[in-house]
Chemist: 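Below is a structure I'd like to ask you about.
All of these numbers come straight from a predicted model, not from anything done at the bench. In what follows, every heavy atom counts, from backbone to side chain, and hydrogens, waters and symmetry copies are set aside.
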Amino acid sequence: MIIAMFPCEPFLTNAYLIGCEKTHKGIIVDPAPNSMQKLLIAAQKHGIVVEAIFLTHSHGDHIYDVAELVQKLDVPVYVHPLDAENMLNPGSDGIPMPFEIKGIDEVEYLEDDKLYKVGDLEFSVIHTPGHSPGGVCFYFPLKKVLFSGDTLFKGTIGRLDLPGAEPQKMWDSLAKLNALDKETKVYPGHGETTFLKDEGWLANPKETFG
């Protein structure tokens with residue numbers, strides 16, 4: 001499994017290229033501001049053909065380069081239906097951004113618990129509302145890898161003071177992640193990677209962050 005991570009300013013949002021070493025098929029997750037060239041160079045370096053863009057949620061810092069990538073690659077964009085409107089009409093989520101974001105004309109809807117494939121790699125969608133109504137995580141069970149978006153970071157969680165955030169749903173979402181294999185490596189939307197086994201507070205996040 002090929003994973004290339006690119007922290008991007010101004011919010012150090014992590015953009016990801018994920019690829020199958022056997023088939024050389026790949027996807028992009030959360031193309032952050034000014035990530036496009038980094039992602040495309042990494043794809044070329046690893047011989048990866050990008051087949052789709054998957055979004056953990058539609059906040060501006062996670063979707064900034066989507067429109068340009070779609071124009072360049074002509075690939076579908078997958079987002080949870082509860083976050084889809086902000087892809088079509090950026091800014092409709094009510095969250096101010098220090099830059100203008102281009103929307104796209106259409107998206108594909110992610111389905112909770114559905115299995116998707118990247119070449120020979122298989123992953124499931126875990127709906128994790130709390131930070132965003134349509135927030136999701138992507139879990140590769142055989143590789144024990146989780147792309148957690150802004151639901152889970154190393155030592156903390158995504159902000160709950162933004163429009164669309166719902167604390168109680170965040171606690172339920174974190175309980176889903178706490179039930180996964182503790183050896184799972186976490187690739188978050190911001191910050192460093194971690195392992196579920198090192199996030200002991202997940203057993204009672206409300207006590208820590210509520």
Side-chain angles (χ1 to χ4, degrees), residues 1 3 5 7 11-16 18 27 29-30 32 54-63 78-87 93-95 107-118 121-210:
M1 182 178 187
I3 301 173
M5 180 175 83
F11 304 113
L12 290 178
T13 307
N14 292 327
Y16 292 99
I18 304 169
I27 62 172
V29 172
D30 292 357
F54 281 76
L55 302 173
T56 62
H57 62 301
S58 66
H59 287 172
D61 58 319
H62 291 256
I63 69 170
Y78 290 84
V79 65
H80 191 278
L82 292 178
D83 264 32
E85 179 61 26
N86 200 56
M87 284 305 311
D93 61 359
I95 298 176
V107 294
E108 301 288 337
Y109 290 157
L110 292 169
E111 298 179 39
D112 191 22
D113 293 329
K114 181 175 178 178
L115 292 176
Y116 293 82
K117 295 196 75 173
V118 185
L121 301 173
E122 194 170 69
F123 66 98
S124 62
V125 173
I126 305 173
H127 184 208
T128 53
H131 175 70
S132 175
V136 300
C137 296
F138 303 123
Y139 182 50
F140 292 74
L142 296 181
K143 298 296 184 180
K144 297 182 181 179
V145 165
L146 178 75
F147 294 87
S148 62
D150 283 7
T151 300
L152 171 64
F153 306 135
K154 183 176 182 178
T156 189
I157 62 176
R159 289 175 60 179
L160 298 177
D161 60 344
L162 298 174
E166 296 183 71
Q168 183 53 54
K169 290 187 176 180
M170 177 64 96
W171 314 140
D172 295 339
S173 295
L174 292 170
K176 293 181 184 180
L177 302 187
N178 190 48
L180 301 177
D181 190 313
K182 291 298 185 292
E183 294 299 321
T184 296
K185 187 172 185 178
V186 179
Y187 290 83
H190 301 266
E192 302 174 9
T193 60
T194 185
F195 286 87
L196 287 181
K197 65 183 178 182
D198 295 327
E199 306 300 327
W201 55 268
L202 272 172
N204 193 355
K206 188 176 181 180
E207 182 178 290
T208 304
F209 302 104

Chemist: Do the ring centers of Phe123 and Phe147 come within less than 6.0 Å of each other?
Modeler: no
Chemist: Quick check for you: to the nearest 0.5 Å, what is the distance between Arg159 atom CZ and His131 atom NE2?
Modeler: 8.0 Å
Chemist: Closest heavy-atom contact between Lys144 and Asp181?
Modeler: CE-OD2, 3.3 Å
Chemist: Please report the shortest heavy-atom distance between Asp198 and Thr194, naming the atom on each side.
Modeler: CB-OG1, 4.1 Å
Chemist: Is there a side-chain contact (heavy atoms from CB on, under 4.5 Å) between Phe54 and Val136 once you walk through the steps?
Modeler: CA-CA 10 Å; Phe54 281 76; Val136 300; over 6 Å; no
Chemist: Please round to the nearest 0.5 Å and tell me the distance separating atom CG of Leu152 and atom OG1 of Thr128.
Modeler: 9.5 Å
Chemist: Between Asn178 and Leu196, is any pair of side-chain heavy atoms under 4.5 Å apart?
Modeler: no
Chemist: Supply the atom-to-atom distance Asp150 CG to Leu160 CG, rounded to the nearest 0.5 angstrom.
Modeler: 11.0 Å
Chemist: Does Gln168 CD have over 12 foreign heavy atoms under 6.0 Å away?
Modeler: yes
Chemist: Do any N or O atoms from the side chain of Asp30 and from the backbone of Thr13 form a donor-acceptor pair under 3.5 angstrom?
Modeler: no
Chemist: With the side chain counted from C-beta on, respond yes when Val125 and Glu111 share a heavy-atom pair under 4.5 Å apart, and no when they do not.
Modeler: no
Chemist: Measure the OG1-CD distance between Thr156 and Glu199 for me, rounded to the nearest 0.5 Å.
Modeler: 9.0 Å
Chemist: Does Lys176 NZ have over 12 foreign heavy atoms under 6.0 Å away?
Modeler: yes
Chemist: Closest heavy-atom contact between Tyr16 and Pro188?
Modeler: OH-O, 2.6 Å
Chemist: Using a 4.5 Å cut-off on heavy atoms from C-beta on, say whether the side chain of Glu122 contacts that of Leu142.
Modeler: no
Chemist: For Gly189 versus Ser148, what's the shortest heavy-atom pair and its separation?
Modeler: N-OG, 4.5 Å
Chemist: Do Pro129 and Leu82 make a side-chain contact, defined as non-hydrogen atoms from C-beta onward lying under 4.5 Å apart?
Modeler: no
Chemist: For the OH atom of Tyr139 and the CG atom of Leu177, what is their distance to the nearest 0.5 Å?
Modeler: 10.0 Å
Chemist: Hey, is OH on Tyr109 packed in by over 12 heavy atoms from elsewhere, all under 6.0 Å?
Modeler: no
Chemist: I'd like to check Ile27 versus Phe138 (side-chain heavy atoms, cut-off strictly below 4.5 Å). Are they in contact?
Modeler: no
Chemist: Determine whether His190 and Asp61 make a side-chain contact, defined as any pair of heavy atoms from C-beta on separated by less than 4.5 Å.
Modeler: yes
Chemist: Verify the neighbour count for atom NZ of Lys206: are there more than 12 heavy atoms of other residues, nucleotides or ligands below 6.0 Å?
Modeler: no
Chemist: Hey, are the side chains of Val186 and Lys154 touching, using non-hydrogen atoms and a 4.5 Å cut-off?
Modeler: no
Chemist: For Asp83, which residues count as a side chain to side chain contact (heavy atoms under 4.5 Å, CB included) partner, sequence neighbours excluded?
Modeler: His57, Ser58, Val79, Ser132, Pro133
Chemist: Quick check against the 3.5 Å criterion: does Asn14 have a side-chain atom that pairs as donor or acceptor with the backbone of Gly191?
Modeler: yes
Chemist: How close do His62 and Leu55 get, heavy atom to heavy atom, and via which atoms?
Modeler: O-CD2, 3.9 Å
Chemist: Nearest 0.5 Å please: distance from the OH atom of Tyr116 over to the CD atom of Glu108.
Modeler: 9.0 Å
